[in-house]
Amino acid sequence: MSELRKRTFVVTRFDPDVDHAPKTQSYEVACRPDWKVLDALNFIKDEIDGTLSHRWSCRMAVCGSCGMNVDGEPKLTCKTSLADYGDRVEIAPLANFPIIRDLVIDMDGFMEKLESVKPWILVAKQKAAEEGTNRQSPEQLAAFKQFSMCINCMLCYAACPVVSQEPHFLGPAAIALGHRYNMDSRDEGAAQRNRVFRGEGNVFACSYANECSEVCPKHVDPAAAVNQAKLNAVIDWATSFVVRREG
Amino acid sequence: MKALLLRLEPVIWLLFGAGIMVGTLLLPGYLLTVALGAPLGLLPARALSFERAHEIFSNPLGRLVLLGIIALPLWKGAHHTRALCVDLLGHRSDALIGSLLYAVALAGSIAGILAVLSIG
Amino acid sequence: MRAASPDAMAPSRPGSTRTAPPELPDRFWTQPRMRTYLLFDATGIVYLLVGLVALRVAWALAAGPEAWQRLMQSFANPLYVAFHLLALVGSIFVGVRFFRLFPKAQPAHIGPAKPPPRPVLHAMLYAAWCGVTLALLVVLGGLWP
């Protein structure tokens, strides 16, 4: 086994009962060479400072819990190798979110945006069981499959310049998920979702910075989804003058 | 004003899309010839002499191309300048700044239509 | 540079504990990709000015040969030359970034219609760009008619 390497972790701390504003606290940790950032954080909490609060779960980049800003960039800490960093590593809560405590951010705003796009199959009339299951070709699946891979880790929100400035903007993951359902051949709810997209949540507020897709750990490419959604929303708007529809 | 802008977003986005696509396609050719080549004497004298320039741009297609060069970049410009202002100045002034920028684009587009139609 | 809006990602109702406002890392606006994106948006200012200046071309053509001469002399002024060179560089920068991002912004299908594969679409955009530029150079450059 190779040597341990001593690193200094500059971690954001915030206790709402005590602190006026977030501050940083430094921890010196002898790191194993194969460690991820999360391993260092867990070591700090287990061995040095039990008051440190941070979210994590699966340790394998599928649950989306451990998103944080590492040296200024949104990362999944379970997937981010310390080998890529130097002697001093800054760990901050995910950018653009209100901070509950230490590295834990308030997800409620995100959940509201997600729910507002009705991310489930919407049909006017549920099929009877006797009619059998829905059938979908590989090509139909390919139209949206990439956008279904989102793990709701919110790194894209931490990277998006529009999210930082426009509180009502739905944001990359919520729009990508709504688009995922709009493009699903089993779904009939596109008109409803497009109305949400053209409302206060405003897909058009996206300025195609593409940062969301750059930081996405699951290669969902939310920027592609958002900008596809813009075109679909415009077509929906244009056809709404010609075709009367429900809802 | 924010509500009005929100309702107009699809139209604005379409104009912006046309602006960035067609505007960017047209600009290098126009800039290399009319804006730089002729004034700097890099083109043959007859290329953009008044007689020939007038003949080209009084042709219906020529009028359309010139209108494209005037109007389309305005919509790309207004939309992206607005986005830059949101990034640098936040969302509170977006309704006002956006409205002003699109008003400039609209005014310029109308002026452009009148201008290319007035080429005798 | 600009801080995060205090209301960024705020829930519609406050939670049970007091939260600290959202933060942005120092390098948020200055990291290389963001710099490129901000520059891309800033070309909007150049595009606005280019369009407005192009109005002078139409006005001069409508006014007559003397006005056209005056316009050509005006455009030969170093400030105009610098501006139009900036516009040229800007439009190429915009084209390159826009053409890179355009193909993935096309939905997999609109009704029965499907876009060409992304690399093909990318090549088609450049072909169109070269074609239009060439056509303008030929016609406005005096080669034909």
Side-chain angles (χ1 to χ4, degrees), chain B residues 19-21 23-41 43-44 46-54 56-58 65-67 69-74 76-84 87-91 101 104-105 108 111-112 115-116 118-120, chain C residues 1-2 5 29 37-38 40-55 57-62 64-65 67-69 71-77 80-81 83-85 87-88 90-92 94-95 98-99 102 125 128-129 132-137 139-143 145:
Chain B
I20 191 172
M21 177 66 93
T24 303
L25 288 177
L26 290 174
L27 276 180
Y30 156 77
L31 289 166
L32 285 168
T33 53
V34 179
L36 290 164
L40 293 175
L43 302 176
R46 87 168 254 283
L48 285 170
S49 65
F50 175 77
E51 290 71 34
R52 191 164 180 277
H54 187 271
I56 291 169
F57 288 116
S58 55
V65 168
L66 186 54
L67 178 60
I69 291 165
I70 293 168
L72 294 172
L74 293 176
K76 185 272 193 220
H79 199 61
H80 274 168
T81 306
R82 177 195 179 192
L84 186 69
D87 291 337
L88 298 180
L89 304 173
H91 72 105
L101 287 168
V104 168
V116 299
S118 74
I119 300 175
Chain C
M1 287 188 73
R2 181 96 198 148
S5 163
W29 298 109
Y37 154 72
L38 288 171
F40 182 74
D41 271 355
T43 62
I45 301 168
V46 177
Y47 270 60
L48 269 174
L49 293 171
V50 151
L52 292 173
V53 166
L55 275 169
V57 175
W59 289 335
L61 286 171
W68 183 252
Q69 257 313 102
L71 180 71
M72 289 292 110
Q73 278 164 0
S74 179
F75 277 2
N77 181 296
Y80 259 118
V81 173
F83 167 69
H84 281 132
L85 277 171
L88 184 62
S91 66
I92 292 171
V94 166
F98 175 58
F99 290 171
F102 180 83
L125 289 166
W129 208 10
V132 171
T133 304
L134 207 61
L136 287 172
L137 286 176
V139 173
L140 299 174
L143 283 169

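Every chain is numbered from 1 and lettered A, B, ... according to where its sequence line falls, protein lines coming before strand lines.
- No side-chain donor-acceptor contact under 3.5 Å links B:Thr81 and C:Tyr47.
- With C:Trp129 as reference, C:Phe99 is the one residue of C:Phe102, C:Phe99, C:Phe98 to meet the ring pair (Phe, Tyr, Trp, His ring centres under 6.0 Å) rule.
- In terms of heavy-atom pairs under 4.5 Å with chain B, the best-connected choice from C:Ile92, C:Leu143, C:Leu85 is C:Leu85.
- Between chain C and the options B:Leu48, B:Val104, B:Ile69, the largest number of non-hydrogen pairs under 4.5 Å is found for B:Leu48.
- Interface check for chain C: of the options B:Leu40, B:Leu67, B:Val65, B:Leu88, the most heavy-atom pairs under 4.5 Å are formed by B:Leu88.
- If you measure heavy-atom distances from B:Ser58 to chain C, you find no contacts under 4.5 Å at all.
- Using a 4.5 Å cut-off between heavy atoms, C:Phe75 contacts chain B through both its backbone and its side chain.
- Atom NE2 of B:His80 sits about 12.5 Å away from atom CG of B:Leu101, to the nearest 0.5 Å.
- Contact count versus chain C (heavy atoms, under 4.5 Å) is highest, among B:Ala83, B:Gly41, B:Gly120, B:Gly23, for B:Ala83.
- The residue among C:Trp68, C:Trp29, C:Tyr37 with the most heavy atom pairs within less than 4.5 Å of chain B is C:Trp68.
- Heavy-atom pairs under 4.5 Å with chain B were tallied for C:Pro65, C:Ala76, C:Ala62; the largest tally goes to C:Pro65.
- At a 4.5 Å heavy-atom cutoff, the contact between C:Ser5 and chain B is made by side-chain atoms alone.
- For C:Val139, the parts sitting under 4.5 Å from any heavy atom of chain B are the backbone and the side chain alike.
- Shown here for C:Leu52 and B:Gly108, the closest heavy-atom pair between the two residues is CD2-CA, 4.4 Å.
- Residue B:His79 does not touch chain C at all, counting heavy-atom pairs closer than 4.5 Å.
- Chosen from B:Arg46, B:Lys76, B:His91, the residue pairing most often with chain C at heavy-atom distances under 4.5 Å is B:Lys76.
- Contacts between C:Thr43 and chain B at a heavy-atom distance below 4.5 Å involve backbone atoms as well as side-chain atoms.
- C:Phe83 is not listed as a side-chain neighbour of C:Asn77, based on a closest heavy-atom distance of 4.5 Å or more.
- With a 4.5 angstrom heavy-atom cutoff, C:Phe40 touches chain B via backbone and side-chain atoms both.
- A pairwise comparison of heavy atoms in B:Ala115 and B:Ser118 identifies O-OG, 2.7 Å as the closest pair.
- Once rounded to the nearest 0.5 Å, the distance linking CG of B:Leu84 with CG of C:Leu38 reads 6.5 Å.
- When each of B:Pro44, B:Ser49, B:Gly90, B:Gly112 is scored by its heavy-atom pairs under 4.5 Å with chain C, the top score falls to B:Gly90.
- Interface remark: B:Ile70 contributes backbone and side-chain atoms alike to the contact with chain C (heavy atom separation under 4.5 Å).
- Counting heavy-atom pairs under 4.5 Å between each of C:Ala87, C:Gly95, C:Gly64 and chain B puts C:Gly64 at the top.
- Partners of B:His54 under the ring pair (Phe, Tyr, Trp, His ring centres under 6.0 Å) rule, at least two apart in sequence or in another chain, are B:Phe50.
- Heavy-atom distances place no part of B:Leu72 under 4.5 Å from chain C, backbone and side chain included.
- Within the model, atoms CG of C:Leu71 and CD of C:Gln69 stand 9.5 Å from one another, a figure rounded to the nearest 0.5 Å.
- Of all the listed residues (C:Val53, C:Val81, C:Val50), the one sharing the greatest number of non-hydrogen pairs under 4.5 Å with chain B is C:Val81.
- Heavy atoms closer than 4.5 Å to chain B are found in the backbone of C:Ala60, but not in its side chain.
- With rounding to the nearest 0.5 Å, the separation of CG in B:Leu25 from CE in B:Met21 is 6.5 Å.
- Contacts of B:Leu66 with chain C are made by side-chain atoms alone, with heavy-atom separations under 4.5 Å and no backbone atom involved.
- Judged purely by atom type and a 3.5 angstrom limit, B:Arg52 uses its side chain to pair as donor or acceptor with the backbone of B:Ala47.
- Your options are C:Val46, C:Leu48, C:Leu49, and the one with the most heavy-atom pairs under 4.5 Å with chain B is C:Leu48.
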Would you give me the side-chain donor-acceptor pairs under 3.5 Å for residues 28-39 of chain B, sequence neighbours excluded?
unit_1: B:Thr33; atom_1: OG1; unit_2: B:Gly29; atom_2: O; d: 2.8
unit_1: B:Thr33; atom_1: OG1; unit_2: B:Tyr30; atom_2: O; d: 3.3

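- Looking at B:Leu43, only its side chain comes within 4.5 Å of chain C, counting heavy atoms on both sides.
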